[in-house]
*Asks:* 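One structure is given below, represented as structure tokens, and several questions about it will come after.
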Protein chains: 2
Amino acid sequence: MISLEQNTNPDPSDFPSEIEGLRMTKQRREVLAVLLAERDHPTANDVFLRSQQRMATISLATVYNCLEALVSHNLVRQVNFERESSRYCPNLADHCHFQDEESGKIHDVVFKDGVKLEDILVLPQGTDINHLEISLKGHFGQSKNHKTP
Amino acid sequence: MISLEQNTNPDPSDFPSEIEGLRMTKQRREVLAVLLAERDHPTANDVFLRSQQRMATISLATVYNCLEALVSHNLVRQVNFERESSRYCPNLADHCHFQDEESGKIHDVVFKDGVKLEDILVLPQGTDINHLEISLKGHFGQSKNHKTP
DNA sequence: ATTACGAATTAGAATAATTCTAAATTTTGA
DNA sequence: TCAAAATTTAGAATTATTCTAATTCGTAAT
Ligand SMILES: [Mn+2]
Ligand SMILES: [Mn+2]
Ligand SMILES: [Zn+2]
Ligand SMILES: [Zn+2]
């Protein structure tokens with residue numbers, strides 16, 4: 001098992017030829033590297049544009065294919081805000097997403113220590129959760145004072 | 001302020017001519033009535049088909065317009081699961097949504113008493129949340145025993 | 001090396017939910 | 001009653017994503 005949590009300028013060729021049962025092709029490496037390179041939450045098209053810089057021949061269809069492969073093998077998360085186009089996140093830690101309505105930018109938000117779903121929701125007994133998505137929208141904090149003088 | 005929380009076979013003509021600053025036209029009444037009639041989470045097209053039964057001339061564009069008007073005036077909530085088509089929910093109480101992967105059906109899920117967002121998430125100081133959407137997916141509970149003998 | 005085969009990539013077409021446009025209708029209220 | 005504004009409507013447009021079918025690639029056997 002490889003640590004994919006680093007943030008330091010990943011080189012696609014550092015990835016082994018198979019991760020979590022997924023063959024790492026040149027294109028999949030590139031897409032994964034693009035996602036690990038910046039901790040933002042790019043759309044498929046963003047990923048396509050960034051991938052093209054280093055791999056001029058990659059196609060948008062391939063980017064979609066790669067993202068779907070990476071997501072289904074849990075190497076990357078798909079993030080949705082309402083009906084906007086999907087975004088992709090390489091942060092595998094337990095977290096959710098906040099979108100600043102000013103900038104449209106998405107920020108990772110973590111749970112406080114020890115918070116578990118069953119602690120906060122009333123779920124029918126035996127319910128088995130496969131997927132959880134928490135999406136917040138609003139305005140980003142002005143550190144301390146809120147009013148404009 | 002009108003109680004829209006009842007569940008008893010609503011008659012569109014019972015609604016006043018304006019709610020929350022929104023003029024209640026014949027079509028908007030009908031769409032709202034459709035949503036209040038069943039506590040499921042229909043798509044725009046579902047709403048269209050149901051509305052057509054009582055109002056043969058209503059158009060899909062109008063259903064979209066009405067839903068958007070009702071949502072923006074907080075008479076109805078829009079519910080999204082990943083990239084599926086939007087669904088609409090007349091339950092204005094604080095709740096989130098669980099989709100049973102077997103049936104595709106969506107169920108309302110409420111929070112345990114007194115649970116507040118700030119209690120469970122680490123948010124930058126001053127962050128102001130306008131919208132919150134929690135979507136769960138998984139398998140519905142087998143009442144008591146989980147194992148099959 | 002050559003070949004064969006399955007997997008992956010690709011360009012472009014297709015899909016489908018939603019939004020837009022512009023004309024017709026309805027409602028409002030002077 | 002009449003003009004202005006709002007709403008509805010049919011159909012076209014949009015656009016993110018998926019699909020199709022052809023090509024290329026990677027691997028392993030010969
Ligand atoms: Mn899954
Ligand atoms: Mn809002
Ligand atoms: Zn994230
Ligand atoms: Zn609901």
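Below, read A as the first sequence line, B as the second, and so on, with proteins coming before strands; counting in each chain starts at 1. These numbers come from the heavy atoms of this one structure, side chains and all, not from hydrogens, waters or symmetry mates.
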*Asks:* Testing the 3.5 Å rule here: is there a donor-acceptor pair between the side chains of N74(A) and E20(A)?
*Replies:*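 Checked: N74(A)/E20(A) side chains show no N/O donor-acceptor pair below 3.5 Å.
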
*Asks:* Is there a donor-acceptor contact under 3.5 Å linking the side chains of H41(B) and D108(B)?
*Replies:*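 Yes, side-chain donor-acceptor contact under 3.5 Å.
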
*Asks:* Would you indicate which nucleotide in dT8(D), dA8(C), dT18(C) comes nearest to any side-chain atom of A44(B)?
*Replies:*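 Nearest listed nucleotide: dT18(C).
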
*Asks:* For the side chain of S85(B), starting at C-beta, report the closest nucleotide among dT9(D), dA17(C), dA7(C).
*Replies:*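 Comparing dT9(D), dA17(C), dA7(C) against the side chain of S85(B), the answer is dA17(C).
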
*Asks:* Whole angstroms only, please: what is the CD1-P distance between I58(B) and dT26(C)?
*Replies:*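 Going from I58(B) (CD1) to dT26(C) (P), I get 14 Å.
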
*Asks:* With sugar-phosphate meaning primed atoms plus P, OP1 and OP2, does N45(B) contact a base, only sugar-phosphate, or nothing at under 4.0 Å between heavy atoms?
*Replies:*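 The residue N45(B) makes no contact with any strand.
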
*Asks:* Within the structure, does a side-chain N or O atom of R23(B) lie under 4.0 Å from either OP1 or OP2 of dA6(D)?
*Replies:*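 Indeed not, no polar side-chain atom of R23(B) lies that close.
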
*Asks:* To the nearest Å, give me how far apart CD (E18(A)) and C1' (dA8(C)) are.
*Replies:*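 Roughly 14 Å, once rounded to whole Å.
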
*Asks:* If only side-chain N and O atoms count, and only distance matters, is there a donor-acceptor pair under 3.5 Å linking N80(B) with H97(B)?
*Replies:*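 Note: H97(B) and N80(B) side chains miss the donor-acceptor criterion.
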
*Asks:* Could you check how far CG of L22(B) sits from P of dT7(D), rounded to whole Å?
*Replies:*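 Distance check: L22(B) CG to dT7(D) P gives 8 Å.
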
*Asks:* Take the protein atom CZ of F48(A) and the nucleotide atom P of dA16(D), then report the distance between them rounded to whole Å.
*Replies:*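 That distance rounds to 13 Å.
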
*Asks:* State whether T62(A) places a side-chain N or O below 4.0 Å from either non-bridging phosphate oxygen (OP1 or OP2) of dT9(C).
*Replies:*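 False: T62(A) side-chain N/O out of range (4.0 Å or more) of dT9(C) OP1/OP2.
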
*Asks:* If we count only N and O atoms by modelled type, under 3.5 Å, do the side chains of S86(A) and Q78(A) hold a donor and an acceptor together?
*Replies:*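 S86(A) vs Q78(A): donor-acceptor pair found between side chains.
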
*Asks:* Is the phosphate of dT10(C) approached by Q27(A) (side-chain N or O, under 4.0 Å from OP1 or OP2)?
*Replies:*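 Result: yes.
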
*Asks:* Starting at CZ of R29(B) and ending at P of dT27(C), how long is that distance when rounded to a whole Å?
*Replies:*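 These atoms are roughly 10 Å apart.
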
*Asks:* dT8(D), OP1 or OP2 - any side-chain N/O from T25(B) closer than 4.0 Å?
*Replies:*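 Answer is yes, contact under 4.0 Å.
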
*Asks:* Both S86(A) and M55(B) contact DNA chain D. Taking the nearest nucleotide for each, which residue is further toward the 5' end?
*Replies:*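 Closest to the 5' end, via its nearest nucleotide, is M55(B).
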
*Asks:* Could you tell me the separation between the CD atom of E82(B) and the C1' atom of dT18(D), rounded to a whole number of Å?
*Replies:*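 Atom CD in E82(B) sits about 16 Å away from atom C1' in dT18(D).
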
*Asks:* Please tell me if R83(B) has a side-chain N or O lying less than 4.0 Å from either OP1 or OP2 of dT17(D).
*Replies:*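 For dT17(D), OP1/OP2 do have a side-chain N/O of R83(B) under 4.0 Å.
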
*Asks:* Side chains of T43(A) and D46(A): is there a donor and an acceptor less than 3.5 Å apart?
*Replies:*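 Yes, because at least one side-chain N or O of T43(A) sits under 3.5 Å from a partner of the opposite role on D46(A).
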
*Asks:* Would you mind reading off the distance between Y64(A) atom OH and dA11(C) atom C1', rounded to a whole angstrom?
*Replies:*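 After rounding, the gap between these two atoms is 15 Å.
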
*Asks:* Report yes if at least one side-chain N or O of T57(B) is closer than 4.0 Å to OP1 or OP2 of dT8(D); otherwise report no.
*Replies:*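 It does not, given that no N or O in the side chain of T57(B) lies less than 4.0 Å from OP1 or OP2 of dT8(D).
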
*Asks:* For the pair made of CG in N65(A) and P in dT18(D), what is the distance, rounded to whole Å?
*Replies:*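 After rounding, the gap between these two atoms is 9 Å.
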
